[in-house]
*Asks:* 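My questions will all concern the structure given below.
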Amino acid sequence: MTVWALARKVAYDWRWLLVLTALVLAIYELIWGKITDRIYRQFMPLVNELLALAQLTPWAIKALEKRFLEGPGQIIHTLLGGDLVNLNDPATVLTIGYVHPFVQFVLCLWGVGRGAAALAGEIDRGTMELLLAQPISRRQIVYAHLLAEAWTLPILAGAMVLGTALGVWGFALPNVVLSGYVIAASNALALALAVGGITMVFSAMGQSLWKVAGGVLLLLLVMFLVNLFGQLWPVLQPYRPATLFFYYQPQLHILQNAWWLSLPDFSYRLCPPLVLSVIGLVGYLLAAEIFHRRDIPAPL
Amino acid sequence: MQLSQELLFVFIISYVFAFCDTSPHNQPGKGQSVVTIERLTKHYGRVVALDNLTLQIDQGEIVGLLGPNGSGKTTALRLLLGFLRPTAGRAVVAGFDCWRQSVEVRRRVSYLPGELRLYENLTGRQFLEFLARLRGWAASGAKEPGNGIPDAPGLARQWGLDLDRPIRTLSSGMKHKLALISVVVAGTPIAILDEPTNTLDPAMREEFLALLRQWRNCGRTIILSSHVLSEVAAVCDRVAILKQGRLAALERLSDLRELRRVRARLARPVAVPGSVPGVEAEENGQRTYSWVVRGSLQPLLRWLAEQEVEDLHLEPVGLEQIYRRIHGDTP
């Protein structure tokens, strides 16, 4: 009952931010439906027509594409899904809405914000003192936040799928299998959970919301860059599995419509949402143990 | 007639017991030790915040912790609540170890922090309901932890506090009242109050001190820290004065009330008799003499009557003098 009471309050405190974040994600996916429609129905027919008029051979088109994707173009190409995206196929273009850095940023921001505010933020605000004066254990406080995430994260994932479904329906996009997007959204949910779990570990040790949030965001930025450049430079490739973003594979989930994936350049199969969920849960458990053992400083 | 007298007797007895009922908390009997602090020590790196504090507090006692900032008062209270892990020693509240069984301790203790920070986004009512749920009740005021404990809405009305206003719109005094209500309605057998009358107006302060006396009469144990010596002298049974983390003095207020200081200036130096009954301490200057006397002043006054006294002062040895002796003029 104590955990339930605290989880309810956490959900109450975050209700407006939850609604706002869910709306942002849903609208963003809806907008990607519109972008896909424009590319599929207006931009690509024009490009194809121009290529036909120019009478270019397939080899020349490939060389042109290669030239176009050199340098910064290659980074953008990798960021948006690389060779998985075929601009003539709306089903693949729509997947960019799930892998786009903006979506990853919003999911990370949610996880970092929730985790940093949960413990370090309460200590920072001085309300942890009040909370811990009640008969509630420190582990229960961490578990109450995990319980709150069990309500809030499915809402965010649901908002993404809803936005996509509205886009597919509203713009009559062909060849889109929505069940793949449900798996991709669960991967997004698991990413936010993993980020939240890692942040909770730092939050359990810290006492300043902004220091914890800043430190974790910096760590996530490093992970993001290692994962991104690991796809371009072979020297960084072995480090990719050490980053959270390696396990964020919504495009493969959508295109393969499967939970277990075979990843390019890697010999093993894995279920990214499972890996991220385990990381998140281990983070919460570790945070509970750290928080259970530490001193609670007096409010400044 | 006989039967109705018996009924009346039973009614009165049950009313008295109902008002002071603390049975849900399984507390020890009056006079028994509910808080035992043994050689409690806390270091923050090289800083010794609390050093070998040993103290026993009985049920139904109000004990005041006195000392300037940094003397270890708040550290001692936070160790009792299990916020801090002791470096050495231990504290036991109602039979439970304060660090290892802190949840059980906090089930029996309500706490008013010195630095008050509340959930600003909630209303007073939501705040009290939230705390009530954490304590496992349906809602504050609706289900009381023990008979005779005031209900939150009634207390809020009495103290002029609107429970439906968001906490962020309340003044600091009103926030303090709200926190006090949360402590009162918790109805725990032990209360730990860190500077409880901070920001309260004089009338409210008096009302609160009266409430503390009422709690003591009902067998509740109260540990409070304060900078206001008069307040501590008014309500506490005992006072522990801390200096640089160590217990510098532990005085019973009733004993202090029996002590008087007599100062006299004599016409010429005299040899003071070795043992005047009741004299506990004496200081001699040049022709000026000072004695601390417990109980009757007769023997000392009889001796003084035989001397050539130029000036004579007689004053009670209050808490303030004890405190000044330890801390000088530090507030």
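Please read these numbers as outputs of a predicted model, since none were measured by experiment. Lettering follows sequence order; numbering is per chain, from 1.
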*Asks:* Below 4.5 Å, heavy-atom pairs only: which of A/Leu131, A/Leu132, A/Asp13, A/Ile136 has the largest tally toward chain B?
*Replies:*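 The candidate making the most pairs under 4.5 Å is A/Leu132.
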*Asks:* Measure centre to centre between the rings of A/Trp151 and A/Trp14, then say whether the value is under 6.0 Å.
*Replies:*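 A/Trp151 vs A/Trp14: aromatic centres not under 6.0 Å.
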*Asks:* Keeping to residues at least two apart or across chains, list the ring-ring contact (aromatic ring centres under 6.0 Å, His included) pairs with something in residues 62-98 of chain B.
*Replies:*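 Sorted pair list: B/Phe83-B/Tyr111.
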*Asks:* Heavy atoms, side chains only, cut-off 4.5 Å: are A/Ile123 and A/Arg294 in contact?
*Replies:*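 Side chain of A/Ile123 against side chain of A/Arg294, heavy atoms only: contact under 4.5 Å found.
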*Asks:* With a 4.5 angstrom heavy-atom cut-off, could you sort out which part of B/Leu116 is near chain A: side chain, backbone, both or neither?
*Replies:*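 When you check distances to chain A, no heavy atom of B/Leu116 falls under 4.5 Å.
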*Asks:* Using non-hydrogen atoms and a 4.5 Å limit, figure out which bit of B/Val109 sits close to chain A: side chain, backbone, both or neither.
*Replies:*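 Contact with chain A involves the backbone of B/Val109 alone.
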*Asks:* Taking only residues two or more places apart in sequence, or in another chain, which ones meet A/Tyr98 in a side chain to side chain donor-acceptor pair (under 3.5 Å)?
*Replies:*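 Partners of A/Tyr98 under the side chain to side chain donor-acceptor pair (under 3.5 Å) test: A/Thr164.
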*Asks:* Using heavy-atom distances under 4.5 Å, tell me whether A/Glu122 contacts chain B through its side chain, its backbone, both, or neither.
*Replies:*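 Side chain only.
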*Asks:* Checking salt bridge (charged side-chain N to carboxylate O under 4.0 Å, His left out) for the pair A/Asp295/B/Arg85: CA distance, chi angles, key distance, verdict?
*Replies:* CA-CA 6 Å; A/Asp295 282 348; B/Arg85 183 202 287 262; 5.6 Å; no
*Asks:* Is the distance between the ring centroids of B/Phe130 and B/Tyr119 less than 6.0 Å?
*Replies:*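 When the ring centroids of B/Phe130 and B/Tyr119 are compared, they turn out to be within the sub-6.0 Å range.
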*Asks:* Sort B/Glu120 into side chain, backbone, both or neither according to what part of it lies under 4.5 angstrom from a heavy atom of chain A.
*Replies:*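 For B/Glu120, there is no contact with chain A at all, as no heavy atom is under 4.5 Å.
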*Asks:* Looking at B/Val103, B/Ile192, B/Thr75, which makes the most heavy-atom pairs under 4.5 Å with chain A?
*Replies:*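 Of the candidates given, the most pairs with chain A belong to B/Val103.
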*Asks:* Which one wins on heavy-atom pair count under 4.5 Å against chain A: B/Glu104, B/Arg106, B/Gln126?
*Replies:*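 Maximum pair count with chain A is reached by B/Arg106.
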